[in-house]
Number of protein chains: 2
Amino acid sequence: MDKKSARNKKELILKAAEHEFMANGYEATKTTQIAERAGVTHAMVHYYFQTKENIFRKIYEDKIDMLKDPILAIVESKDLELPQRIDAIIETHFDFLKANPELPYFLMGEIRNNPVFIETLKDRIGDVIAKSCKKLQVELDDYINRGIINSILAEDLVMNIVSLNVFTFIAISVTQSHERDDNKINLLLEQRKREIKETINRRIIKTEKQA
Amino acid sequence: MDKKSARNKKELILKAAEHEFMANGYEATKTTQIAERAGVTHAMVHYYFQTKENIFRKIYEDKIDMLKDPILAIVESKDLELPQRIDAIIETHFDFLKANPELPYFLMGEIRNNPVFIETLKDRIGDVIAKSCKKLQVELDDYINRGIINSILAEDLVMNIVSLNVFTFIAISVTQSHERDDNKINLLLEQRKREIKETINRRIIKTEKQA
DNA sequence: ATTTTGTTTAACAACCCTGTTAGACATTGC
DNA sequence: GCAATGTCTAACAGGGTTGTTAAACAAAAT
């Protein structure tokens with residue numbers, strides 16, 4: 001069972017690498033660390049992937065693509081009214097972050113040290129965002145003209161949602177870094193989600209008075 | 001002129017170090033880099049500061065203290081009505097970030113790699129924030145009970161403001177990293193500031209219809 | 001003037017990190 | 001069986017990084 005153990009080791013290395021990269025970022029992660037966590041000699045790491053950058057690419061390309069899905073979720077689901085859909089967008093985006101809580105942190109770090117990373121990011125999801133914004137603006141304008149919602153730019157709305165959502169998880173990483181009480185964090189997150197929806201809702205909805 | 005040149009060199013090293021740390025973070029900054037930028041031999045860096053961590057401490061302790069001022073600005077200035085004061089808080093906080101645009105980025109990075117950094121941060125400004133929140137909550141409750149503003153938790157309000165403000169500068173760092181057109185960035189920032197005030201305002205103010 | 005003290009340099013030691021390589025060992029195909 | 005190929009290890013080379021040190025140099029103190 002050589003091939004099996006081989007595939008297994010490659011997997012182990014990838015998993016270990018993902019963990020280390022996510023936790024410490026590219027720069028701070030050492031191939032020896034990855035090897036240790038994977039339980040293999042560090043020569044193995046280079047045998048399978050040659051360079052540290054190779055390992056990193058394999059992982060982050062997948063991660064970047066993952067970002068597309070929640071963005072595209074914004075554009076889909078035409079069956080709901082716009083305000084309800086925006087609500088759903090917040091929910092989807094927030095839950096995506098909840099499922100990948102280290103992602104904002106990770107991206108933040110890589111964006112800082114990896115100029116290449118920024119370029120790849122822009123190439124891979126920049127146009128998706130731009131297109132989504134344009135589409136959203138058309139819909140927004142329709143509702144604005146019909147006097148249903150307040151005047152707002154799509155970029156501002158998206159920026160507001162992303163800011164509020166993403167920053168929640170950055171703050172959690174900072175303040176609750178040792179906290180092990182998942183239940184407590186969960187309650188905190190649900191509270192924030194409600195608050196964010198409320199804030200965005202009040203920003204756009206024209207007629208008033210909801211509890 | 002030995003003492004003068006000495007103080008000068010120490011200053012040069014500190015300035016160079018600040019620049020490098022801000023740009024690349026602790027891990028990625030090398031003492032040789034600092035020496036090079038300061039225009040001294042790298043032995044000088046160790047002569048004056050012994051260790052890289054020492055240099056870092058000197059700088060970030062100042063920076064962390066800088067964070068206090070805009071927070072305390074929240075509590076002061078009792079002469080205005082609460083909604084106007086919250087407006088002023090946003091303005092002050094935003095302008096503080098504008099004057100120190102690399103700070104969010106820098107803190108983000110250090111928070112990630114320096115567990116000690118988080119502790120220092122908590123020690124130095126954690127209680128200031130907690131106290132400010134408590135004070136703010138009392139005032140908020142007063143306005144809420146009088147039916148002037150919507151029900152909201154002080155922590156949520158603060159979190160909303162900080163999220164929207166800080167994330168603006170993180171986003172700028174990412175998307176406009178090469179951009180040299182300060183005027184364009186300035187317009188973008190003013191637009192964001194207006195939008196953030198609008199969003200927070202609509203979140204808290206009960207009676208409606210303002211342009 | 002000379003001792004003491006502080007500044008500066010060049011060279012170096014120790015360490016860690018990435019990546020390679022020679023050779024051992026196992027597996028597969030013929 | 002045996003050749004070819006793939007997996008694996010231990011050892012190492014090369015390069016960079018932090019921090020030290022001996023010795024030169026300058027200034028200040030006595």
Side-chain angles (χ1 to χ4, degrees), chain A residues 1-61 106 109-110 112-117, chain B residues 1-61 106 109-110 112-117:
Chain A
M1 54 153 115
D2 218 23
K3 260 186 189 166
K4 240 185 208 170
S5 106
R7 198 168 307 163
N8 211 338
K9 274 199 181 169
K10 222 174 162 181
E11 280 290 311
L12 279 173
I13 291 168
L14 270 181
K15 256 188 195 163
E18 178 173 344
H19 184 277
E20 292 298 318
F21 281 139
M22 281 286 167
N24 316 316
Y26 181 78
E27 269 270 334
T29 297
K30 315 297 172 186
T31 52
T32 46
Q33 250 177 66
I34 296 173
E36 199 177 346
R37 170 167 284 266
V40 303
T41 62
H42 101 273
M44 276 295 91
V45 174
H46 289 285
Y47 172 68
Y48 283 113
F49 298 95
Q50 293 78 53
T51 68
K52 186 170 133 180
E53 206 187 318
N54 261 350
I55 315 174
F56 187 67
R57 268 186 214 287
K58 265 265 156 38
I59 293 163
Y60 84 61
E61 273 166 9
F106 172 74
E110 293 325 309
R112 177 175 201 174
N113 301 323
N114 270 329
V116 188
F117 196 85
Chain B
M1 56 151 115
D2 218 21
K3 261 187 187 164
K4 237 186 208 167
S5 106
R7 199 169 305 159
N8 210 336
K9 272 195 181 171
K10 220 173 162 183
E11 278 289 310
L12 280 173
I13 291 167
L14 270 179
K15 254 186 198 164
E18 178 174 345
H19 185 277
E20 292 298 319
F21 281 139
M22 280 286 166
N24 317 315
Y26 181 76
E27 267 271 334
T29 297
K30 315 297 171 185
T31 52
T32 45
Q33 247 177 68
I34 295 173
E36 200 176 348
R37 170 167 285 265
V40 303
T41 62
H42 101 271
M44 276 294 90
V45 175
H46 290 284
Y47 171 67
Y48 282 113
F49 298 95
Q50 293 78 54
T51 66
K52 185 170 132 179
E53 206 187 320
N54 262 349
I55 315 174
F56 187 67
R57 268 186 215 286
K58 265 265 157 39
I59 293 164
Y60 83 62
E61 273 167 8
F106 171 74
E110 294 325 309
R112 176 175 202 174
N113 300 324
N114 271 329
V116 188
F117 196 85

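The chains referred to below are lettered A, B, ... by the order of the sequence lines, with proteins before strands, and numbering in each begins at 1.
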Taken to the nearest whole Å, CD1/A/I13 to C1'/D/dT9 is 13 Å

Under a 3.5 Å cutoff, is there a donor and acceptor pairing between the side chains of B/N24 and B/Q33?
yes

Of all heavy-atom pairs linking A/A35 and A/H42, the shortest is CB-CA, 3.4 Å

- Mind telling me whether A/F21 and A/F56 have parallel, tilted or perpendicular rings, with 30° and 60° as the class edges? perpendicular

D/dT18 phosphate, OP1 or OP2, under 4.0 Å from B/K52 side-chain N/O: yes

Here the distance between atom C1' of D/dA10 and atom CE of A/M44, to the nearest Å, is 11 Å

note: A/Q50, atom CD; C/dT21, atom C1'; distance rounded to Å ~ 14 Å

Side-chain contact check for A/Y47: nearest option of D/dT7, D/dT18, C/dG19 is D/dT7

Atom NZ of B/K30 and atom C1' of D/dG16 are separated, to the nearest Å, by 8 Å

In whole angstroms, the gap separating P of C/dT18 from CD of A/E36 amounts to 13 Å

Closest of D/dA10, C/dT18, D/dG19 to the A/A43 side chain is D/dA10

Which of C/dT18, C/dT8, D/dT9 is nearest the side chain of A/H46? It is C/dT18

Taken to the nearest whole Å, CG/A/L12 to P/D/dT7 is 15 Å

Out of D/dT18, C/dG19, D/dA10, minimum distance to the side chain of A/H42 belongs to C/dG19

(message) It should be established whether B/K9 places a side-chain nitrogen or oxygen under 4.0 Å from OP1 or OP2 of nucleotide C/dT8.
(response) yes

Among D/dT9, C/dA10, C/dG19, the one nearest any side-chain atom of A/T41 is D/dT9

OP1 or OP2 of D/dT17 less than 4.0 angstrom from a side-chain nitrogen or oxygen of B/T31, does that happen here?
no

B/E20 CD to D/dT18 P, in whole Å, measures 12 Å

Exercise. If you measure from the Lys or Arg side-chain nitrogens to the Asp or Glu carboxylate oxygens, is any gap between A/R57 and A/E53 under 4.0 Å?
Worked result: yes

For B/F49 and B/I55 the tightest heavy-atom approach is CB-CG1, 3.4 Å

Rounded to whole Å, the CG-P distance (A/N24 to C/dC16) equals 17 Å

